[in-house]
Amino acid sequence: MNVAEASPAPDSVQPFIHLDKVRKSYKARGEEFLAVSDVTFDVAAGEFVALVGPSGCGKSTLLKILADLHHHDSGEVRIGSPDNPFDPSRDIGMVFQQALLLRWRTIIDNVMLPAEILGLPIKQSRERARDLLAMVGLAGFEDRYPHELSGGMQQRASIARAFIHDPKLILMDEPFGALDALTRERMNVELHRIWRESGKTILFVTHSISEAIFLSSQIVVLTARPARMAALVPISLPEPRTVADKTNAEFSNYARKVYELLGMT
Amino acid sequence: MTFSSHQAKGKPPVDLAVDEPDSQPSPAWTSWWRAHWLAVLSHLAMVGLWSLASTRMPKFILPSPLDVLLALMNPRYNWPRHMAVTASEVFGGFALASIVGVSIAVIFSWWLFVSRAMMPLLVTINMIPKVAMAPLFIVWLSYGIGPNILITFTICFFPIVINTTRGLKEVEPDLIDLVRVLRASRGQILTKVQLPSALPFIFSGMRVAAVLAVAGAVVGEFIGSERGLGYAIMSFQSTMDTPGMFVALALITLVGVVLYGLVILAERCFVTADSRASK
């Protein structure tokens, strides 16, 4: 495995996220069910890391462990470093498969929700919310209600919401899984641009291998039954990336490698 | 967006009708009429049939609509006083049930063990016919407005607590996670996410309760009261004053209709049109 060569940070600098032999099991109907085992990888600040693997490989569980919504049984999870401190209550933004917008709030008020909960200054946050909505292509839709927007637009709003409190880490759990294929391609291009402009660290769970390759600087491949981590694949495709890159030989090589690691070839 | 603002769009201005004062009612009125003329017709038909039937029966069995109208106008009956008593019991019991019902549902959602212990108990208590408890309440609270509020409360409480509990449970778990990540307090999760999500459920509980509320107050007045419309019906029964009983019935219904109407109105104000449509 190429764990060693994948390590993105120089040895002297502590990585932003450090996972070491993370393990988590559930008890269901008396039987122990291993959700995550032996997951070890580092993420440098500003990286885009995709977690790929089949259903039941514990991708979402891993994300929830990072968000401190689940506890892990053993191993080490550390986020933040001395030169890049991390406040778990303010430095995480989340995006789920469903947009999860509050239907009684306008789009801008939905984006404002984390700012309200954290007690951030309302006036500045509102201006920031406007900028973020413009960034995700929703300028002019601030005062609409969620049901007036398409699924793709709702998901854009939920991405803007994840950025409102300027978190250092954004966790995305299959955010484009419920969108149609073409909308999904377009969202990939936009998310990649947003990531490059914002410089955030993003962890992104997906079933789609081409989505993972297109977006990432590093892919974590997980396998199911037994649920465990198979490998790390660093991606170095030229920037800026376009949809046309998906037809490159280089892109196909990465895809073949990931398929092999998943045991699908 | 609220329901009323949806309706406001796309209607021609009302002052068109000013030019021809006697031929055209306002457009708002015509569209209402177009939607409801059948309902109006069926109500009028019932009054017509009643009127017809009353000519063939003695007044103490079936008074005519005119007899009833005269009884309503007669100050001797003191209708406003009776109605005020019944209305305060109905509204008081209903308001109390709404506040307590929603609060208890919130407590259930916060502490699972409380809900596991208390919910089955509530279901058991709910099986007791509430009107049969009325004599007991009179023993406890003596005559007057108190026991009648309590009966109304017990009747209204259950649909509200059960619907609210369900509404609080059905909030998307990921949505709760989204705010929990931000270390939102229990109060923040409740006021910003859970309660607004549960509002359609709370209102459907309140609608059921509003229909039942009047029965509670009236039964209470039947057995232990010297005031109120329920008391009025009992006393007119002893004097065979059937027109008086009819008026009392109509006014009891009116109290119920007003309560129900207020609940619907509040629902339109607070629940967005799209989530009402999905319920």
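Note that this is a predicted model, so its numbers are computed, not measured. Proteins get letters first, then strands, A, B, ... in listed order; numbering begins at 1 in each.
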Original post:
Would you call Glu31(A) and Lys27(A) a salt bridge, taking side-chain N to carboxylate O under 4.0 Å as the test?
Top reply: no

Subject >> NZ/NE/NH1/NH2 to OD/OE distance under 4.0 Å, Lys192(B) and Asp109(A) >> reply: no

Original post:
Quick one: what part of Leu69(A) sits under 4.5 Å from any heavy atom of chain B, side chain, backbone, both or neither?
Top reply: both

**OP:** Determine whether Lys130(B) and Leu150(B) make a side-chain contact, defined as any pair of heavy atoms from C-beta on separated by less than 4.5 Å.
**Re:** no

Subject >> Interface moiety of Ser197(B) toward chain A, non-hydrogen atoms closer than 4.5 Å >> reply: both

Subject >> Residue part contacting chain B, namely of Arg161(A), when any heavy atom lies under 4.5 Å >> reply: side chain

Original post:
Do the side chain of Lys59(A) and the main chain of Gly53(A) share a donor and acceptor less than 3.5 angstrom apart?
Top reply: yes

Subject >> Contact origin within Leu113(A) toward chain B - heavy atom pairs under 4.5 Å >> reply: side chain

Original post:
Which atoms of Glu116(A) come close to chain B, meaning under 4.5 Å heavy atom to heavy atom: side chain ones, backbone ones, both, or neither?
Top reply: both

Original post:
How are the rings of His147(A) and Tyr145(A) set relative to one another: parallel (under 30°), tilted (30 to 60°) or perpendicular (over 60°)?
Top reply: tilted

**OP:** Name the member of Pro167(A), Ser89(A), Ala162(A), Pro146(A) that forms the most heavy-atom pairs with chain B at distances under 4.5 Å.
**Re:** Ser89(A)

